[in-house]
Each structure stands twice: as C-alpha cells, then as structure tokens.
4 protein chains.
Amino acid sequence: MPKTNLKTDDQDDAEVADVGGVSGARLKSFIERVERLEEEKKSLAEDIKDVYGEAKATGFDAKIMRKIVSLRKSNLEKRREEQELLDLYMSAIGMVE
Amino acid sequence: MPKTNLKTDDQDDAEVADVGGVSGARLKSFIERVERLEEEKKSLAEDIKDVYGEAKATGFDAKIMRKIVSLRKSNLEKRREEQELLDLYMSAIGMVE
Amino acid sequence: MPKTNLKTDDQDDAEVADVGGVSGARLKSFIERVERLEEEKKSLAEDIKDVYGEAKATGFDAKIMRKIVSLRKSNLEKRREEQELLDLYMSAIGMVE
Amino acid sequence: MPKTNLKTDDQDDAEVADVGGVSGARLKSFIERVERLEEEKKSLAEDIKDVYGEAKATGFDAKIMRKIVSLRKSNLEKRREEQELLDLYMSAIGMVE
DNA sequence: ACCGTGGTTAGCTTTC
DNA sequence: GAAAGCTAACCACGGT
C-alpha cells in the first residue's frame with residue numbers, strides 16, 4: 001500500500017502550525033514563487049508559438065518544423081540513453097572505475 | 001545544470017544551403033530559436049521543482065502545495081471566465097464601446 | 001431549425017435524461033466495460049512486472065532490461081517519425097502520393 | 001492500427017550468443033515476452049479509448065465518464081483526510097471560504 | 001465552425 | 001527521500 005501519510009503527524013506540529021502566522025507566511029511565499037515561475041514558463045511557451053507563427057509567415061511549414069525539432073531532440077536523448085546502457089553494462093560486468 | 005546544448009547534432013552546418021528555393025539558413029535560425037526557448041522553459045521547470053524541494057525540506061507537503069497552486073489557478077480562470085461572460089452580457093445590451 | 005424557445009436550459013434532457021432509467025443503464029454499461037478493460041490492463045502490467053522479476057531471479061539486471069526495451073521501442077518510433085518527416089517533405093514539395 | 005511489430009529491430013538474431021556467461025537467448029526471450037505483453041497492454045488502452053468514443057457517439061460526455069470511473073476507484077476515506085489537510089493549509093494562507 | 005486527433009504537460013506510483 | 005516511468009488531463013492544430 002502506498003502509505004502516503006498526508007497528515008505528517010510525526011513531524012512536530014510547530015512546523016506547520018501557526019495557522020495565519022509565520023508558517024503560513026512561509027508557505028504563501030513558496031506558493032507565490034512557484035506561481036511566478038509558472039507564469040514565466042507560460043510566457044516562454046507563447047514565445048515559442050510566436051516563433052512558429054513567424055516562420056509560417058515566412059513560408060515555412062510549422063508542422064515540419066515541429067517534427068524536425070522533435071527528431072533532433074530524440075536524437076540527443078537516444079544517444080544519451082545508449083551511453084547510459086553502456087555504462088550499465090560496464091558496471092554489470094565489474095568494469096567500474 | 002549540465003548545459004545540454006541542443007544545437008549540437010549530426011547535421012553538417014555546411015548543408016544548410018537552399019533547397020528548392022527554401023532558405024536553409026533561415027529555417028535553421030528558426031529551429032535554433034525554438035530550441036533555445038525550450039531550453040529556458042525546461043530550466044524553469046527545474047526551478048519550480050527546486051522550490052518544491054526547498055519547501056519540502058522546510059516541512060511542507062509538496063503534494064498539497066501542488067494542489068493549492070492548482071486550485072488558485074482554476075479560481076483565477078473561473079473568475080476570468082465569469083468576467084468574460086459579464087462582458088458578453090454587457091455588449092449584448094449595448095453597454096460597451 | 002427555428003430556435004425560438006428561449007427556455008433552452010432543458011434542451012439536453014432527451015440525451016442524458018431518464019436518470020435511473022434506460023439511459024442510466026447504458027451509462028452504467030459503458031462504465032463497467034471501461035472498468036473491466038482497465039482491470040485487464042492492470043493485470044498485464046503485473047504480468048510484465050512478473051517477467052522482470054523472473055528474469056532477475058535468473059540473474060539478469062532488470063534495470064538494464066528495461067533500458068533495452070526502451071531503446072528498442074524508441075528505435076522503432078524514431079524510424080517511424082523519420083518516415084513521417086519524409087512524407088511531409090514530399091507532400092510539401094508537391095510529390096504527393 | 002499500424003501494426004507496429006516491436007520485435008523487429010536492427011540487432012541480428014545471430015548475435016545472441018553467450019557473453020560473459022550470460023545467456024543471450026534467454027535474455028532475448030525475456031525481452032520479447034515483455035514486448036509482447038506491452039503490445040497487449042497498448043491494445044487494451046485503445047479498446048478503452050474506443051469505449052469512450054462509442055459512449056460519446058451515444059451522447060455521453062467522456063470527460064464526465066472518466067471522472068466517474070476515477071471516483072469509483074478512489075478511496076473516499078483518504079480523500080476526506082486530504083481535504084481536511086488542504087483546508088488547513090488554505091486557511092494558513094488566508095484562502096478561507 | 002466543429003470535431004477529432006496528436007502532442008504536451010502535470011500528477012501519481014513505484015523503484016532504488 | 002529522490003528519481004523515473006506511467007497515466008491521465010489539457011491544448012492547439014488540421015480536417016471535414
């Protein structure tokens with residue numbers, strides 16, 4: 001069973017207590033940092049979309065472009081994974097450094 | 001972060017000549033802009049993950065935090081949608097522009 | 001069709017109505033089919049896990065095996081995607097099939 | 001469906017000899033069993049998708065159906081506890097109802 | 001203009 | 001407790 005104890009009873013209540021007090025303020029700060037970062041991320045997603053739009057206006061096919069980007073990325077990932085597999089083999093047969 | 005340079009690939013830079021009237025150089029430029037932006041996006045995703053990790057180290061439950069962020073976001077969206085509906089109503093009765 | 005009836009709120013009743021009646025029975029039937037299929041899917045996931053366990057008991061490294069399976073799969077997918085890209089190029093330059 | 005045969009790959013079947021005392025043939029057998037099971041799993045996933053499609057064609061809302069399935073699966077007790085903790089956190093940052 | 005579809009992303013589970 | 005793989009929701013796009 002997953003054993004996800006959400007209540008965190010073992011921890012001292014002083015850590016998450018002070019409802020509306022200092023711990024609440026810290027939590028709020030964390031939340032807002034996350035929200036700020038997610039906004040920036042969303043903004044970048046829009047920039048990417050704009051680049052595709054611009055390319056399209058120049059006469060390029062966005063669908064093809066996306067496929068190229070995707071293939072280039074998967075090339076890199078595949079190469080990395082193959083290296084990992086190689087490392088695994090080497091450690092499996094005791095050729096570790 | 002290990003600075004994974006997406007631009008590195010097998011394709012030879014010399015081969016970006018025009019093909020069938022298509023400017024290879026321009027296409028390459030678009031592709032690289034997209035890749036650059038996607039790297040930044042990925043970097044932000046890692047930053048977000050770090051914030052959750054930091055909060056967790058402080059004693060907060062990341063799962064709950066994600067739920068809170070999600071709720072706040074949907075609250076905002078709902079409010080925005082309600083505003084849009086209100087705008088629609090107002091334009092419907094001629095109270096706009 | 002003349003949409004003269006302003007009280008359109010009840011319009012969907014013919015499709016999903018009969019709560020507890022015949023439509024409810026159909027919905028229930030769909031739900032149960034899904035649940036049955038998901039059980040089978042879960043069962044297969046366990047079978048897969050068992051195979052890895054068996055292999056491990058035989059002396060193989062499950063982590064390596066998973067990586068091999070993953071690489072073989074991505075080889076296939078990459079090949080398929082490259083073909084799709086080729087098709088896209090061909091249709092883009094009018095060499096449609 | 002495009003009949004993606006997972007077993008086909010670049011590796012030559014003749015190269016499955018023992019390497020460092022490892023039975024290549026046995027490993028290959030395990031890998032192929034996994035791939036076969038994963039194909040079946042994928043097939044079931046498609047069946048499920050089909051059921052949702054069929055239900056949709058009958059007039060049901062697939063999104064709602066998925067939610068129903070999900071709810072039936074989830075543990076109500078656990079969800080209540082999560083909600084309680086969530087309420088606590090929300091009051092901590094002033095998002096009281 | 002809408003539907004269906006594919007791709008993307010976030011969340012959950014399980015593993016190490 | 002961190003990391004990865006899997007699953008499910010979301011969104012944007014093209015076809016009809």
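Both backbone and side-chain heavy atoms feed into the values below; hydrogens, waters and symmetry mates do not. Every chain is numbered from 1 and lettered A, B, ... according to where its sequence line falls, protein lines coming before strand lines.
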[N] [atom2] sits how many Å from [X] [atom1], rounded?
X	N	atom1	atom2	answer
D/Met65	F/dA8	CE	P	14 Å
C/Tyr52	E/dT15	OH	C1'	13 Å
A/Glu81	F/dA3	CD	P	17 Å
A/Leu88	E/dT15	CG	P	17 Å
C/Leu37	F/dA8	CG	P	12 Å
C/Leu71	F/dG5	CG	C1'	14 Å
D/Asp61	E/dG4	CG	P	12 Å
A/Lys42	F/dA12	NZ	P	9 Å

Problem set entry | Phosphate OP1/OP2 of E/dT15: any C/Lys49 side-chain N/O under 4.0 Å | yes
Indicate, with a heavy-atom threshold strictly under 4.0 Å, whether [X] touches base, sugar-phosphate, or nothing.
X	answer
B/Lys73	nothing
D/Lys63	sugar-phosphate
A/Lys41	sugar-phosphate
C/Arg66	nothing

Exercise. Would D/Arg66 count as a cation-pi partner of D/Tyr52, with NZ or CZ less than 6.0 Å from the six-membered ring centre and within 45° of the ring normal?
Worked result: yes
For this session: Would you kindly compare D/Lys56 and A/Glu38 by the position of their nearest DNA chain E nucleotide and give the one closer to the 5′ end?
Result: D/Lys56
Seminar exercise, completed: Note: for B/Ala45 and C/Glu84 on DNA chain E, the residue whose nearest nucleotide lies more 5' is C/Glu84
For this session: Under the salt bridge (charged side-chain N to carboxylate O under 4.0 Å, His left out) rule, what do A/Arg36 and A/Glu32 come out as? Steps first, then yes or no, please.
Result: CA-CA 6 Å; A/Arg36 176 81 183 91; A/Glu32 283 167 359; over 6 Å; no
Problem set entry | Euclidean distance, B/Arg33 CZ relative to A/Asp47 CG, rounded to 0.5 Å | 9.0 Å
Problem set entry | Euclidean distance, B/Leu44 CG relative to B/Lys42 NZ, rounded to 0.5 Å | 12.5 Å
Seminar exercise, completed: Of B/Gly53 and D/Ser70, the one whose closest nucleotide on DNA chain F sits nearer the 5' end is B/Gly53
Exercise. Counting side-chain heavy atoms from CB outward, which of E/dG7, F/dA2, E/dC12 is closest to B/Lys67?
Worked result: E/dC12
For this session: Establish whether A/Leu37 and B/Leu76 are linked, either directly or via other cluster members, by ILVMFWY side-chain heavy-atom contacts under 4.5 Å.
Result: no
